[in-house]
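Below: the structure, in structure tokens.
In what follows, every chain begins at residue 1, and chains take the letters A, B, ... in the order their sequences are listed. No hydrogens, no waters, no symmetry mates; every other heavy atom, side chains included, goes into these values.
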Amino acid sequence: MDTNKRDIVSYSSMISCYANNGNSSKAVNMFVELLHQDGIFPNEYCFTAAIRSCLDSGFFETGLGLFGFVLKAGYFDSHVCVGCELIDMFVKGGGGDLDSARKVFDRMREKNVVTWTLMITRLAQFGFHGDAIGLFLDMLVSSGYVPDRFTLTGLISVCAEIEFLSFGKELHSWVIRSGLALDLCVGCSLIDMYAKCGLIRDSRRVFDGMVDHNVMSWTALINGYVRGGGGQEREAMRLFSDMMLQGCVAPNCFTFSGVLKACASLPDFGFGEQIHGQSIKLGLSEIDCVGNGLVSLYARSGRTECAQKCFDVLFEKNLVLCSGVDDDASVKDSNLNSEQDLDRKIDYTGKGASSFTYASLLSGAACIGTIGKGEQIHARVVKMGFGTDLSVNNALISMYSKCGNKEAALQVFNDMEDRNVITWTSIINGFAKHGFATKALELFYDMLQTGVKPNDVTYIAVLSACSHVGLIDEAWKHFTSMRNSHGIVPRMEHYACMVDLFGRSGLLSEAIEFINSMPFDADALVWRTFLGSCRVHGNTELGEHAAKMILEQEPHDPATYILLSNLYASEGRWDDVSAIRKRMKQKQITKEAGSSWIEVENQVHKFHVGDTLHPKAKKIYEKLDELALKIKNVGYVPNTDFVLHDVEDEQKEQYLFQHSEKLAVAFALISTPNSKPIRVFKNLRVCGDCHSAIKYISTVTGREIVVRDANRFHHIKDGKCSCNDYW
DNA sequence: GTAGGGTTAG
């Protein structure tokens with residue numbers, strides 16, 4: 001078309017067309033061309049399309065210029081849509097410049113329900129929940145507009161986020177009064193709101209009252225049950241299978257993420273593979289949150305190889321770093337060019353990754369304990385401009401904590417400008433898990449002082465901090481104040497922490513009394529905790545009772561059989577030990593294979609008991625012999641209770657020195673001859689003899705050794721451990 | 001012909 005003959009209609013339709021088809025830079029160019037035409041003045045359609053295109057193609061400056069134009073042209077007063085686009089330009093393009101957006105909003109003389117809703121939801125999305133609610137009230141009082149399904153959905157999710165139940169209920173009744181109860185989105189937000197406020201029954205009621213369901217309503221409820229924890233994961237699994245059976249709605253990646261979490265929390269991991277299979281079928285298995293769920297499921301069920309495979313897929317997909325570091329030559333090679341290599345590969349794949357991608361990847365790295373890859377992701381996060389993202393930083397804190405580097409976790413925490421309840425909970429939990437209760441509690445008090453409200457998860461972290469070091473009075477104080485001062489009703493997990501606290505301190509009868517006084521029946525988690533204490537304090541009678549209670553609920557739980565068998569073994573009741581073994585055989589229950597792994601130069605080395613497959617096996621065993629001699633000289637006495645074989649003592653002792661933890665430590669000593677802490681990971685609980693042997697090893701070598709097992713961290717230095725586990 | 005909503009992090 002000849003440029004001279006274009007009129008405003010053809011310009012506006014072409015600009016809109018480019019803008020809608022993702023060709024935003026062409027749209028911007030055409031708009032600029034239009035500005036240079038005499039006698040033609042852009043209309044409101046051109047403006048909206050052009051502003052949107054500036055946003056999409058990152059021309060924020062051009063967008064700002066347009067803003068001035070709009071003001072001059074007076075489009076503000078007559079065209080609401082233009083103002084909406086401008087608001088979003090400041091919010092999305094201006095890196096969350098809510099102040100400017102709000103100024104635009106306030107200057108608009110013409111507003112409608114869409115404008116109000118937009119401003120309210122943008123405030124909420126950027127964490128200004130109070131302002132969002134305030135603006136909503138303004139809207140009711142002064143605008144004369146009636147909130148519609150969009151407004152209500154947005155507001156209900158604000159209530160979910162800040163657990164503002166009373167207001168949420170008001171909104172719910174509004175929803176019913178205005179006949180919006182059947183709206184799917186409104187229903188989803190209500191399900192989510194009740195679940196986040198801890199009223200899962202009300203979520204269920206909303207769900208059951210809806211005539212139609214889509215993947216989001218199913219997912220919201222499934223994830224609600226998962227979030228609730230305390231055995232509700234079974235209900236989540238049931239819902240998932242209902243959903244699959246009905247076959248009308250296909251699960252999406254969020255559904256899988258929730259259901260995998262549910263699966264990982266159940267003692268029988270059997271469903272995991274089926275779900276993995278289904279996610280592959282639907283082509284979702286490599287999406288961050290699904291892959292990540294698979295990583296943590298496999299990691300928790302001790303299948304480290306599967307976990308690593310899934311993690312590597314995600315890692316490669318998102319970072320594609322340093323491929324081919326398998327042999328020594330290429331390690332050296334890639335070290336030479338690693339910086340450039342990294343950059344090139346980042347350029348290649350870096351686009352499109354969101355903050356959730358990084359949060360997911362970090363949580364995968366945390367599960368495996370691969371701090372090397374975690375650090376690479378960290379570097380990448382900063383490079384890609386997510387360095388100040390709240391979720392990403394929260395994920396970084398938990399990654400460094402779980403990889404055993406609490407100093408780095410604290411560094412991230414200290415460098416953060418904004419901290420929410422998850423941030424505080426993550427760092428408190430980090431120190432709690434590492435056995436540094438004083439620091440954890442100090443942080444908790446800091447948190448209260450800054451005015452961030454603790455929630456139920458925070459209290460789990462606080463109580464577990466107390467239980468790890470036996471602070472009974474302190475724990476009681478928080479257990480009572482969580483309800484009295486913060487209105488948080490203790491859940492099963494909180495009770496489990498208290499039982500753990502009594503149990504560890506040897507107050508077994510107090511623990512039983514506490515269990516009996518609970519307002520609901522103790523679940524397997526509570527009994528398992530108690531059984532652990534019975535094993536530690538050698539109380540067979542109570543231990544048997546606990547085991548009975550667990551097996552009533554979870555007849556196939558291998559850990560219970562093993563604990564009970566250890567309990568008998570420690571008393572030399574070998575007949576009972578073999579009876580347990582027989583029972584396990586009959587029921588076809590196999591003990592999870594214990595394995596330990598460590599990361600050396602970005603590579604994970606994994607060991608099983610008696611492993612001879614490692615290329616350096618010979619050296620490892622030589623090192624172990626040397627260590628055995630040294631530590632016996634300074635007082636180590638092998639504790640063969642942990643060897644379940646009915647063999648002679650001497651053989652037992654030999655077997656003891658082939659435990660995977662010791663192999664990993666020995667390997668670390670020969671391959672990292674510097675003073676850095678050694679970080680060992682174990683899928684199950686660390687064996688008591690290994691715990692004691694490693695303490696002695698730290699004495700004779702002067703090395704700090706951090707062991708992460710299924711439960712917690714053991715910081716071992718100069719013969720002392722940060723935990724109060726009694727072996 | 002242009003604008004607004006619901007799920008994932010501890």
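For A:Lys92, the salt bridge (charged side-chain N to carboxylate O under 4.0 Å, His left out) criterion is met by A:Asp88, not counting sequence neighbours. Residues that satisfy the side-chain contact (heavy atoms from CB on, under 4.5 Å) test with A:Ser25, not counting sequence neighbours, are A:Phe59. Scanning for side-chain contact (heavy atoms from CB on, under 4.5 Å) contacts around A:Phe164 gives A:Ile133, A:Cys159, A:Ile162, A:Ser166, A:Phe167, with sequence neighbours left out. The side chain to side chain donor-acceptor pair (under 3.5 Å) check on A:Thr121 picks up nothing, with sequence neighbours excluded.
A:Phe386 and A:Tyr358 have tilted rings, their planes meeting at an angle from 30° to 60° on a 0 to 90° scale. Using bins of under 30°, 30° to 60° and over 60° for the plane-to-plane angle, the ring pair A:Tyr459/A:Phe444 lands in the perpendicular bin. Using bins of under 30°, 30° to 60° and over 60° for the plane-to-plane angle, the ring pair A:His478/A:Tyr445 lands in the tilted bin.
Note on A:Val215: nothing from the nucleic acid sits closer than 4.0 angstrom, heavy atoms only. Residue A:Thr219 is in base contact, counting any heavy-atom pair closer than 4.0 Å across all strands shown. Residue-level contact check: A:Ser12 touches the bases, meaning some heavy atom is under 4.0 Å from a base atom. Base engagement by A:Val113 is indicated by at least one non-hydrogen atom pair under 4.0 Å involving a base atom. Contact annotation for A:Thr151: base contact, defined as any heavy-atom pair under 4.0 Å involving a base atom. Counting non-hydrogen atoms under 4.0 angstrom, A:Lys196 reaches the backbone sugars and phosphates but no base. Contacts of A:Ser426 with the nucleic acid, taken as non-hydrogen atoms under 4.0 Å apart, involve only primed sugar atoms and P, OP1 or OP2. A:Asp148 comes within 4.0 angstrom of a base, heavy atoms only. Nucleic acid contact for A:Asp288: none, since no nucleic acid atom lies under 4.0 Å from a heavy atom of the residue. Counting any heavy atom pair closer than 4.0 Å across all strands shown, A:Asn455 reaches a base atom. Using a 4.0 Å heavy-atom cutoff across all strands shown, A:Ser13 reaches at least one base atom of the nucleic acid. If you check every strand for non-hydrogen atoms under 4.0 Å, A:Asn393 touches nothing.
One finds a salt bridge joining A:Asp208 and A:Arg204 here, because a Lys/Arg side-chain nitrogen approaches an Asp/Glu carboxylate oxygen to under 4.0 Å.
Nearest to the side chain of A:Phe254, among B:dT7, B:dG5, B:dA3, sits B:dT7. Residue A:Leu184 places its side chain closer to B:dG6 than to any other of B:dG10, B:dG6, B:dT2. Proximity note for A:Glu85 (side chain, C-beta onward) versus B:dT2, B:dG6, B:dA3: the nearest is B:dA3. Checking B:dT2, B:dA3, B:dG10 against every side-chain atom of A:Cys84, the shortest atom distance belongs to B:dA3. Of all nucleotides listed (B:dG5, B:dT7, B:dG10), B:dG5 comes nearest to the side chain of A:Val186. Distance from the side chain of A:Phe150 is smallest for B:dG4 among the nucleotides B:dT7, B:dG10, B:dG4. Out of B:dG10, B:dG4, B:dG1, the shortest distance to the side chain of A:Thr121 is found at B:dG4. Here B:dG6 is the nucleotide among B:dG10, B:dT8, B:dG6 with the atom lying nearest to any side-chain atom of A:Ser157. Distance from the side chain of A:Arg122 is smallest for B:dG5 among the nucleotides B:dG5, B:dG6, B:dG10. When distances run from any side-chain atom of A:Cys81 to the nucleotides B:dG10, B:dA3, B:dG5, the shortest one goes to B:dA3.
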Inset, instruction - In sequence, state the C-alpha distance, the side-chain angles, and the governing distance for A:Arg419 and A:Asn393, and then conclude on side-chain hydrogen bond (donor to acceptor under 3.5 Å, both in side chains). - result: CA-CA 9 Å; A:Arg419 305 187 182 110; A:Asn393 276 297; over 6 Å; no
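Sorted by residue number, the list of members of residues 170-179 of chain A with any non-hydrogen atom under 4.0 Å from DNA chain B is empty.
Between the base of B:dT8 and the side chain of A:Ser257 there is no donor-acceptor pair shorter than 3.5 Å. Within 3.5 Å, a donor on the side chain of A:Thr117 pairs with an acceptor on the base of B:dG4, or the reverse. For B:dG5, the base has a donor-acceptor partner in the side chain of A:Asp183 [N/O atoms by modelled type, under 3.5 angstrom]. With hydrogens and angles ignored, a donor-acceptor pair under 3.5 angstrom links the side chain of A:Asn112 to the base of B:dA3.
Taking atom NZ on A:Lys92 and atom P on B:dA3, their separation rounds to 11 Å, with Å as the unit. The distance from atom CG of A:Leu284 to atom P of B:dT8 is 17 Å, rounded to the nearest whole Å. Nucleotide B:dT8 holds its C1' atom 10 Å from the CG atom of A:Asn292, rounded to whole Å. Look at OH on A:Tyr194: it is 16 Å from P on B:dT7, rounded to the nearest Å. With rounding to whole Å, A:Asp192 atom CG is found 11 Å from B:dT8 atom C1'. To the nearest angstrom, P of B:dG4 lies 15 Å from CE of A:Met89. Atom C1' of nucleotide B:dT8 and atom CG of A:Leu361 are separated by 14 Å, given to the nearest angstrom. Going from atom CG of A:Leu118 over to atom C1' of B:dT2 covers 14 Å, rounded to whole Å.
Remark: A:Gln125 is not in phosphate contact with B:dG4, judged by side-chain N or O atoms under 4.0 Å from OP1 or OP2. For A:Arg227, a side-chain nitrogen or oxygen approaches OP1 or OP2 of B:dT8 to under 4.0 Å.
Pairs engaging residues 288-298 of chain A under the salt bridge (Lys or Arg N to Asp or Glu O under 4.0 Å) rule: none recorded [sequence neighbours left out].
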